[in-house]
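Chain identifiers are assigned alphabetically (A, B, ...) following the order of the sequence lines, protein sequences preceding nucleic acid strands; residue numbering begins at 1 within each chain. All of these numbers come straight from a predicted model, not from anything done at the bench.
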2 protein chains.
Amino acid sequence: MYGGNVGAVCRAMMNMGLSDLAIAAPREDCSEFDVIRWSLKSRSIYESRRECATLAEAVQDCTLVAGTSSDDGFYRKVSRTPREWAPSFLEAASRGPVALVFGPENNGLSNEDLALCTDLIRIPSTPKYASLNLSQAVLLCAYELYLAADEYEPPEEGVPLANSDLRERMFGMWRETLLKIGFMESEKADHMMMALRRILSRGNLTEVDARIMMGIARQTSWYTDQPRKEVSSSDANAV
Amino acid sequence: MYGGNVGAVCRAMMNMGLSDLAIAAPREDCSEFDVIRWSLKSRSIYESRRECATLAEAVQDCTLVAGTSSDDGFYRKVSRTPREWAPSFLEAASRGPVALVFGPENNGLSNEDLALCTDLIRIPSTPKYASLNLSQAVLLCAYELYLAADEYEPPEEGVPLANSDLRERMFGMWRETLLKIGFMESEKADHMMMALRRILSRGNLTEVDARIMMGIARQTSWYTDQPRKEVSSSDANAV
């Protein structure tokens with residue numbers, strides 16, 4: 001079924017005008033026979049795929065990273081439908097590489113994978129059986145992009161957006177700093193960092209935005225390393 | 001792949017709130033193993049399927065019969081996109097049984113199958129590779145129905161629509177009559193009847209409409225059987 005899904009993903013991509021496939025942590029038991037049977041005329045997409053060890057590596061040069069989920073987890077409530085999301089994704093695509101990310105068939109994207117995403121997409125479906133087949137989820141998102149592209153006019157110019165690599169360095173610095181200043185305990189760090197990721201992913205984060213945020217983290221960290229002056233209790237109250 | 005497709009169709013149906021599956025002329029080499037692997041939690045849809053010898057039998061009680069095509073054949077140009085089509089299908093569904101019909105993976109619906117359809121749907125896709133995987137086409141149409149249903153309010157009342165069985169009897173009578181009166185030659189009858197089918201399928205044909213059309217065909221046929229009166233050449237010119 002894995003090879004069949006991979007092949008069906010290629011076909012859905014080509015049907016809707018997409019071509020660049022990257023597979024993170026590819027399984028070794030992928031049946032080429034199934035890929036060929038299900039991809040049919042879109043086999044070239046499979047043959048020119050990139051294989052990456054991790055999702056972080058696959059999306060490192062991407063500005064927007066949109067992840068899909070049919071689940072109702074805590075952070076998943078900030079998600080949009082494919083139709084709501086498509087125009088903003090096209091806008092970002094006119095300014096730099098973007099990625100649309102799907103999890104494995106059996107359990108979808110992990111929380112660690114979702115952390116790398118700037119956008120969350122939730123495909124409308126019945127609560128009775130909300131989980132879509134992987135290749136069908138791909139088709140549906142690609143279809144909404146294909147339709148939205150018909151009406152879309154790219155903007156004249158724009159400031160460069162932060163890519164995933166820069167964002168991850170920024171979040172890494174913030175994590176260190178927030179632990180250092182005792183803002184969060186290490187066992188709650190993942191949870192808190194997820195909240196920070198959502199806050200900073202609401203709009204499109206530009207490179208300048210990311211560098212400002214990194215500057216704040218760096219300065220905070222530096223400042224806390226300085227010898228402290230004595231604080232009188234009246235000073236403390238004034239804060 | 002056939003069994004996998006059947007299973008994936010069941011899953012797409014359940015994801016989007018559909019449940020009644022009919023398979024016309026089912027293949028004998030359907031792998032139950034593949035159906036189960038691809039249908040997962042939607043196996044009940046497969047288990048409660050109807051199997052019919054022909055498409056005509058499968059849709060005989062249906063008012064609207066919507067057929068899908070990614071092709072650009074002559075009569076296929078009157079097709080609508082799933083998004084344009086969905087509201088009218090929901091409206092008909094509130095008044096009687098309706099069917100959404102998909103052809104086999106390899107070559108889609110035949111002209112004979114398309115003749116049974118009142119509505120034609122064409123899924124937007126790139127000309128580079130327009131042909132969608134069967135189960136993905138199902139998902140896409142079902143998804144558009146699912147979204148449209150959210151906004152749809154059924155009308156208070158309505159006149160009953162003609163079902164497929166009644167329509168086919170009507171077209172059968174017209175075919176006979178048009179051949180009898182020499183309107184068309186028998187080798188061009190299929191082509192002409194397809195045109196008539198498209199003309200009479202543009203709006204929703206009610207039972208009363210169908211009976212009127214049958215009445216006209218019957219009367220025409222009866223009239224031509226009557227002894228002819230002599231026609232002078234001046235009478236003929238006046239026609």
Side-chain angles (χ1 to χ4, degrees), chain A residues 1-5 7-19 31 33-45 70 81-84 105-107 122-151, chain B residues 1-5 7-19 31 33-45 70 81-84 105-107 122-151:
Chain A
M1 187 170 173
Y2 177 73
N5 257 330
V9 165
C10 293
R11 183 168 177 186
M13 288 175 66
M14 189 176 274
N15 287 153
M16 297 301 159
L18 303 179
S19 57
S31 152
F33 176 72
D34 281 346
V35 172
I36 291 166
R37 274 204 310 174
W38 286 82
S39 64
L40 296 176
K41 294 185 194 166
S42 66
R43 193 170 153 187
S44 59
I45 291 182
S70 61
T81 66
R83 198 165 295 173
E84 291 163 348
E105 177 72 26
N106 43 1
N107 39 23
R122 211 159 81 85
I123 296 175
S125 58
T126 62
K128 191 177 166 194
Y129 190 15
S131 161
L132 267 71
N133 165 266
L134 165 62
S135 73
Q136 297 191 349
V138 171
L139 176 83
L140 222 149
C141 294
Y143 162 78
E144 290 289 359
L145 283 176
Y146 183 73
L147 291 188
D150 224 22
E151 300 172 356
Chain B
M1 186 168 173
Y2 177 74
N5 257 330
V9 164
C10 293
R11 184 166 177 189
M13 288 175 66
M14 189 177 273
N15 287 153
M16 298 300 159
L18 303 180
S19 56
S31 153
F33 177 71
D34 281 345
V35 172
I36 291 166
R37 274 204 311 174
W38 287 81
S39 64
L40 297 176
K41 294 185 194 166
S42 65
R43 192 170 153 188
S44 59
I45 290 182
S70 60
T81 67
R83 198 166 295 174
E84 292 164 347
E105 178 71 26
N106 43 1
N107 39 21
R122 211 159 80 87
I123 296 175
S125 58
T126 61
K128 190 176 167 194
Y129 190 15
S131 161
L132 267 71
N133 163 265
L134 165 63
S135 73
Q136 298 191 347
V138 171
L139 176 83
L140 222 147
C141 294
Y143 161 78
E144 290 289 0
L145 284 176
Y146 183 73
L147 291 188
D150 224 23
E151 300 172 355

Item checked: Nearest non-hydrogen partners of B:N15 and A:A130, listed with the distance -> ND2-C, 4.1 Å
Note to self: Shorter than 4.5 Å, heavy atoms on both sides: which option in B:T81, B:D34, B:L139, B:V138 has the most such pairs with chain A?
What the structure shows: B:L139
Checklist line | Atom of A:P127, atom of B:Y146 and distance for their closest heavy-atom approach | finding: CD-OH, 4.4 Å
Checklist line | Selection from B:E105, B:M16, B:R83 maximising heavy-atom pairs under 4.5 Å formed with chain A | finding: B:R83
Next item on the list: Measure across B:G4 and A:W38 and return the closest heavy-atom pair with its distance rounded to 0.1 Å.
Entry: C-CH2, 3.9 Å
Check: Quick one: what part of B:N5 sits under 4.5 Å from any heavy atom of chain A, side chain, backbone, both or neither?
Finding: both
Next item on the list: Examine distances only and state if a side-chain atom of A:R11 and a backbone atom of B:Y129 form a donor-acceptor pair shorter than 3.5 Å.
Entry: no
Notebook entry, point to check: Considering only heavy atoms, which portion of B:S135 lies under 4.5 Å from any heavy atom of chain A: side chain, backbone, both, or neither?
Noted result: both
Notebook entry, point to check: So, for B:Q136 and A:A12, which heavy atoms are closest and what is the spacing to 0.1 Å?
Noted result: OE1-CB, 3.4 Å
Check: Of all of A:M1, A:K128, A:R37, which one pairs up most often with chain B through heavy atoms under 4.5 Å apart?
Finding: A:M1
